[in-house]
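Residue numbering restarts at 1 for every chain, and letters A, B, ... go by the order of the sequence lines. Because the structure is a prediction, the values reported are computed rather than measured.
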Amino acid sequence: MREEVSQSEAKKRFVDDPLKLERLADFEGSDEIISTYTDGPFTDLCKGPHVPDTSYLKHFKLLHAAGAYWRGDERRQMLQRIYATAWFKQEDLDAYLHRIEESKRRDHRVLGKALDLFMFHPYSPGAAFWTERGTTLINTINEYLRELQRDDYKEIMTPLLYNKALWEISGHWGVYRDNMFLVLDKETGEHDFALKPMNCPSHHLLFASKKHSYRELPLRYNTYDVLHRNEVSGALSGLTRVRQFRQDDCHIYLMESQIADEVRRLTQFILGYYAAFGLTASLKFATRPAERVGTDEMWDAAERGLREALDATGLPYQLKEGDGAFYGPKIDFDVMDSIGRHWQLGTIQLDYSQPERFDLSYTGEDNHAHRPVLIHRAVSGSFERFIAILIEHFAGAFPVWLSPEQVRVLPIADDLAPHAAAVTAALRAAGIRAHLDDRSETLNYRIREAETMKVPYMAVIGKREAEANSVAIRERGAGKKQEVVALDAFVARVTNEIRTRALSTAAPVGAAQ
RNA sequence: GCUGACGUAGCUCAAAUGGCAGAGCACCUGAUUUGUAAUCAGGCGGUUGCGAGUUCGAUUCUCGCCGUCAGCUCCA
């Protein structure tokens with residue numbers, strides 16, 4: 001039951017509760033309506049709304065308990081917080097719990113170990129070790145990005161370590177030094193160097209190293225360099241929150257008049273990239289935050305430019321007032337995975353500030369120096385986090401083009417191993433990541449292992465197949481349903497799926513006995 | 001970083017009230033030659049995360065450190 005009370009009445013009711021009194025004191029003198037809710041013997045101070053009484057909450061489950069700081073301040077006392085979830089219908093509760101279960105089943109930390117993709121070691125907390133299979137996964141994604149960016153982008157590599165003078169120019173030294181890894185310079189005895197936490201300053205140094213004509217713009221530098229951010233230890237979590245990572249980072253130097261066109265291109269580029277993984281994205285437009293650099297005129301121009309560009313794409317987007325970066329407005333890409341979870345991945349950020357700080361310029365048509373506008377762009381965010389999302393999105397069962405191992409060749413008996421080796425070689429020659437498992441284990445054992453490792457295709461080779469130069473294909477998850485096809489046809493089918501980046505395996509290639 | 005829980009073989013997990021630490025899988029050896037999700041037998045494998053303290057004795061109790069997890073905070 002809701003009741004609106006006066007300031008003094010509220011104070012009287014919660015006289016034994018110092019925390020509630022503190023909260024009430026915040027409203028002193030304001031016209032905030034103070035409300036309480038009562039259910040049975042329990043009365044709480046709350047803005048609401050609440051359900052009328054707990055009979056509405058028949059379908060609930062307690063989830064977990066944890067400490068939480070009073071008002072989110074780590075210097076304040078810790079309160080016990082109990083998490084629970086409640087739904088109007090049992091089915092809804094079940095569906096929600098099922099989704100939690102499903103998330104657990106797909107946990108990239110568990111699958112990463114089971115599928116032999118990566119590991120962590122206490123000697124380098126927050127930094128992944130990538131196994132051969134995991135490295136293959138990264139490289140495959142990387143190759144795809146390189147292909148997409150081959151024509152219009154200039155891929156560069158810049159140092160990882162910089163003198164603090166650079167970070168003073170960029171402004172990181174003052175505000176973000178605590179989150180940077182500092183390195184001792186033995187000649188000065190000071191921590192004068194730091195590992196880069198982002199790429200932009202180094203890109204600006206390269207840009208500024210020579211004169212640029214307006215004809216070169218937009219100039220797009222992209223990189224996959226390693227970055228380090230010294231996250232607090234308690235924040236680390238699997239691949240989603242790390243200290244060392246790589247971004248598919250890009251900085252675009254351009255004229256104001258080119259913003260709309262560029263943003264449209266970038267948006268299409270990013271959405272197309274997600275689609276290759278079966279991910280759909282929604283767009284968010286974030287405007288000037290309260291704490292920001294630059295003049296209002298600059299922000300007006302930047303927001304107008306970005307907004308017009310966004311409108312020109314014809315795509316729907318959500319407005320997030322005040323959520324922009326301190327140096328400029330941005331478009332964020334919110335991706336939804338196969339079980340309906342949302343992840344913020346890509347971003348397009350307009351920046352008038354850094355070109356100023358780094359005194360960047362290009363020579364215009366009028367033969368005068370002009371300040372370029374800067375766009376920061378990331379597609380996957382970090383590779384580490386993106387791979388974590390992909391692992392959970394696919395539950396480890398990657399489409400063929402992404403799979404670290406695409407085909408496992410299984411001879412039925414030892415005497416077929418030489419032929420199976422030749423088949424493996426033929427698959428590899430066609431650019432297929434194929435492995436031979438000719439251990440003298442039973443066929444069932446080896447099939448089980450290939451299924452467990454989520455290899456998309458098993459090519460079983462018995463006497464009949466060896467004689468006909470065919471393979472008996474078993475598809476991941478398809479059980480006993482096998483299909484015997486000529487080796488050539490199988491090669492054609494797999495290479496085609498790889499080339500087209502098919503998300504699911506193709507329909508049977510038809511008769512090829 | 002803060003609060004709490006946890007850390008046992010490569011992995012998943014048992015057990016131990018302070019008194020010789022165990023299984024399955026993996027790995028190795030041998031036998032088996034397999035037609036679509038675990039063949040059989042034997043073997044190897046541990047200062048119970050690290051370091052101190054208490055104790056006749058610590059894997060167990062205490063303290064510190066490292067890491068992981070759940071949250072909080074943070075995320076340029």
Taking donor-acceptor contacts at under 3.5 Å, does the side chain of A/R446 reach the base of B/A38?
no

May I ask you to verify if any side-chain N or O of A/T442 is less than 4.0 angstrom from the OP1 or OP2 atom of B/U34?
no

Just by modelled atom types, is the A/V409 backbone N or O under 3.5 Å from a matching donor or acceptor in the A/R446 side chain?
no

Ranking A/N179 and A/G477 by the position along RNA chain B of their nearest nucleotide, the one closer to 5' is A/G477

Of A/M198 and A/G234, whose closest RNA chain B nucleotide lies nearer the 5' terminus?
A/G234

Okay, side chain of A/D249, backbone of A/N222: is any donor-acceptor separation there less than 3.5 Å?
no

Closer than 3.5 angstrom, by distance alone: can the side chain of A/E465 be matched with the main-chain N or O of A/G462 as a donor-acceptor pair?
yes

Using a 4.0 Å heavy-atom cut-off, does A/G238 contact any base of the nucleic acid, only the sugar-phosphate backbone, or nothing at all?
sugar-phosphate

Regarding the side chain of A/I447, the nearest nucleotide among B/A76, B/A37, B/U34 is B/A37

Over all strands shown, is A/Y176 touching base, sugar-phosphate only, or nothing at heavy-atom distances under 4.0 angstrom?
base

A/R448 side-chain N/O to B/U36 phosphate OP1/OP2 under 4.0 Å:
no

Can you see if the side chain of A/K113 gets near the phosphate of B/U12 - specifically, an N or O under 4.0 Å from OP1 or OP2?
yes

Kindly state whether the ring of A/Y327 and the ring of A/H376 have centres lying under 6.0 angstrom apart.
yes

Using the C1' atom in both, what is the distance from B/C61 to B/C72, to the nearest Å?
31 Å

Heavy-atom count check: over 12 atoms from other residues, nucleotides or ligands less than 6.0 Å from A/Q344 CD?
yes

Give one of base, sugar-phosphate or nothing for A/F120, where a contact means two heavy atoms less than 4.0 Å apart.
nothing

Spacing of the P atoms in B/C11 and B/G4 (rounded, Å):
28 Å

Write down the distance separating the P atoms in B/G43 and B/U34, rounded off to the nearest Å.
29 Å

Could you tell me if the ring centre of A/F245 sits under 6.0 Å from that of A/H228?
no

Using a cut-off of 4.0 Å on non-hydrogen atoms, how would the nucleic acid contact of A/D414 be classed: base, sugar-phosphate, or nothing?
base

Counting only distance, no hydrogens or angles, is the base of B/G35 paired donor-acceptor with the side chain of A/E465 under 3.5 Å?
yes

How would you label the contact of A/E449 with the nucleic acid (heavy atoms, under 4.0 Å): base, sugar-phosphate, or nothing?
nothing

Please classify the nucleic acid contact of A/A325 as base, sugar-phosphate, or nothing, using heavy-atom distances under 4.0 Å.
nothing

Is any NZ, NE, NH1 or NH2 atom of the basic residue among A/E449 and A/R439 found under 4.0 Å from an Asp or Glu carboxylate oxygen of the other?
yes

B/A37 phosphate, OP1 or OP2: any side-chain N/O from A/R474 under 4.0 angstrom?
yes

Check: B/U32 base within 3.5 Å donor-acceptor of A/S440 side chain
yes

For B/C66 versus B/U73, give the span between their P atoms, rounded off to a whole number of Å.
23 Å

Closest nucleotide among B/C27, B/U68, B/G35 to the A/L236 side chain:
B/U68

Compare side-chain N and O positions of A/R243 against OP1 and OP2 of B/C74 and report whether any pair is under 4.0 Å apart.
no

Interatomic distance where CZ belongs to A/R177 and C1' belongs to B/G1 [whole Å]
18 Å

P atom, B/A23 versus B/A9: distance in rounded Å?
14 Å

Nucleotide nearest A/V232 (side chain, heavy atoms from C-beta), chosen from B/G1, B/G35, B/A76
B/G1

Could you check whether A/R241 gets within reach of a base, just the sugar-phosphate, or nothing at all, counting any heavy atom under 4.0 Å?
base

In terms of side-chain heavy atoms of A/A472, which of B/U33, B/C74, B/G35 is nearest?
B/G35

Categorize A/R385 for me: base, sugar-phosphate, or nothing, with a 4.0 angstrom heavy-atom threshold over every strand shown.
nothing

Taking side-chain contact (heavy atoms from CB on, under 4.5 Å) as the definition, give me every residue that meets it alongside A/S233, ordered by chain and number, with sequence neighbours left out.
A/R243

Find the distance A/H228:NE2 to B/A76:C1' and express it as a whole number of Å.
17 Å

For B/U62 versus B/A38, give the span between their C1' atoms, rounded off to a whole number of Å.
46 Å

Atom-to-atom span, NE2 of A/H121 to C1' of B/C50 - whole angstrom:
12 Å

Rounded off to whole Å, could you give me the CZ-to-C1' distance for the A/R109 and B/U12 pair?
17 Å

Using the C1' atom as the reference point in each nucleotide, state the distance between B/C65 and B/G22 in Å, no decimals.
30 Å

Looking for any heavy atom pair under 4.0 Å, which part of the strands does A/L410 touch: base, sugar-phosphate only, or nothing?
nothing

Quick one: label A/K463 by what it contacts on the DNA or RNA (base, sugar-phosphate, nothing), any heavy atom closer than 4.0 Å.
base

RNA chain B base-pair string [pairs: Watson-Crick or G-U under 3.5 Å; |: paired with another strand]:
(((((((..((((.....[..)))).(((((.......))))).....(((((..]....))))))))))))....

Can we say A/E405 and A/K454 salt-bridge, meaning some charged N sits less than 4.0 Å from an Asp/Glu carboxylate O?
no

Candidate nucleotides B/G67, B/C69, B/G35, ranked by approach to the side chain of A/P125 - the nearest
B/G67

By the 4.0 Å heavy-atom rule, please label A/Y123 as base, sugar-phosphate, or nothing.
nothing

Taking only the P atom of each, what is the distance from B/G10 to B/U3 in whole angstrom?
32 Å

Closest listed nucleotide, where the reference is the side chain of A/Y445 and the choices are B/A38, B/U36, B/A76
B/A38

Rounded to the nearest angstrom, tell me the gap between atom CZ in A/R357 and atom P in B/A76.
16 Å

Check the phosphate of B/U36 against A/R476, side-chain N and O only, distance under 4.0 Å to OP1 or OP2. Yes or no?
no

Do A/F269 and A/Y274 have ring centres separated by under 6.0 Å?
no

Which of A/L266, A/D248, A/T347, A/L345 passes side chain to side chain contact (heavy atoms under 4.5 Å, CB included) with A/V379? Answer is A/D248

Value in whole Å for how far the P atom of B/A76 lies from CD of A/Q344
10 Å

Whole angstroms only, please: what is the CG-C1' distance between A/L195 and B/A76?
16 Å

Which pairs would a plain distance check flag for residues 117-125 of chain A, meaning a side-chain donor or acceptor within less than 3.5 Å of a matching protein atom at least two apart in sequence or in another chain?
residue: A/H121; atom: ND1; partner: A/Y123; partner atom: N; Å: 3.0

Report the distance from atom CE of A/M458 to atom P of B/U36, rounded to the nearest whole Å.
13 Å

